[in-house]
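Since the structure comes first, as structure tokens, the remarks are kept for the end.
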Amino acid sequence: SQQGEEDPQALSIQEGENATMNCSYKTSINNLQWYRQNSGRGLVHLILIRSNEREKHSGRLRVTLDTSKKSSSLLITASRAADTASYFCAPSQGGSEKLVFGKGTKLTVNP
Amino acid sequence: NAGVTQTPKFQVLKTGQSMTLQCAQDMNHNSMYWYRQDPGMGLRLIYYSASEGTTDKGEVPNGYNVSRLNKREFSLRLESAAPSQTSVYFCASRRTGTGYGYTFGSGTRLTVV
């Protein structure tokens with residue numbers, strides 16, 4: 001299992017703007033997952049991108065994966081106040097998949 | 001569909017007391033996990049169970065024990081609570097196979113005084 005490193009640690013934007021956060025990892029992966037955590041709540045699975053995929057969309061979310069650079073990015077378009085949360089990436093090598101979570105990116109969307 | 005249910009939601013213990021955190025899932029998932037989350041530390045894996053009847057240590061198992069009672073339930077026990085175990089505890093489950101995300105419970109906020 002390996003931990004992803006999210007960057008930046010904190011991000012503050014205005015409602016309607018786009019938010020981009022990045023994730024780097026160290027060794028080859030089978031897939032990479034993004035999760036959201038609202039304050040005081042459990043993590044919610046947002047999207048999973050497999051190692052043979054370069055881009056994936058889900059509603060206002062767009063995830064890219066560059067396995068040559070061992071990095072991923074999560075783009076949230078047209079941000080809303082309700083998107084305020086911490087976002088975590090979790091690289092996975094498949095198999096038993098014990099996910100390791102980093103410290104996340106804390107996103108604040110100001111009304 | 002309840003997903004992953006954790007009880008209790010809040011608990012205050014005195015140092016040295018014991019307690020069991022309960023976790024149950026109704027999604028027929030094989031794998032279950034216990035994490036703790038401390039401020040500024042992210043989530044750290046305590047124990048996990050890849051399938052009914054098996055349990056394995058994670059990153060921070062000291063001071064904890066677990067029981068996979070059946071496919072639905074995975075409990076975490078603190079035998080002698082210490083202030084360092086003050087944390088928010090999350091249980092999660094996952095369907096077997098590559099490419100499935102975790103489903104998390106809403107957490108248990110534990111304070112040891």
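Order of the sequence lines sets the chain letters (A, B, ...), proteins ahead of strands, with each chain counted from 1.
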Given side chains that start at C-beta, do those of A:Arg62 and A:Ile76 come closer than 4.5 Å, heavy atoms only?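 A:Arg62 vs A:Ile76: side chains apart.
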Heavy atoms only: give me the nearest B:Gly16-B:Ser80 pair and the separation to one decimal.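 In this case the closest contact between B:Gly16 and B:Ser80 is CA-OG, 3.5 Å.
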Side chain / backbone / both / neither for [X] at chain A, heavy atoms under 4.5 Å:
X	result
B:Gln6	neither
B:Tyr35	side chain
B:Arg44	neither
B:Leu43	both

- Query: Given a strict heavy-atom distance threshold of 4.5 Å, which part of A:Leu48 is in contact with chain B: side chain, backbone, both, or neither?
  - Reply: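 Side chain only.
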Can a side-chain donor-acceptor contact be found between A:Thr27 and A:Gln2 if the only test is distance below 3.5 angstrom?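 Distance-only check passes for A:Gln2 and A:Thr27.
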Would you say the side chains of A:Asp66 and A:Ser71 form a donor-acceptor pair under 3.5 Å?
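Distance-only check fails for A:Asp66 and A:Ser71.
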Exercise. Which residue pairs pass the salt bridge (charged side-chain N to carboxylate O under 4.0 Å, His left out) test with at least one member in residues 63-77 of chain B, sequence neighbours excluded?
Worked result: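 Residue pairs passing salt bridge (charged side-chain N to carboxylate O under 4.0 Å, His left out), neighbours aside: B:Arg77-B:Glu79.
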Flag the one option from A:Gln3, A:Arg50, A:Gln9 with the top tally of heavy-atom pairs under 4.5 Å to chain B.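 Among A:Gln3, A:Arg50, A:Gln9, the one with the most close pairs to chain B is A:Arg50.
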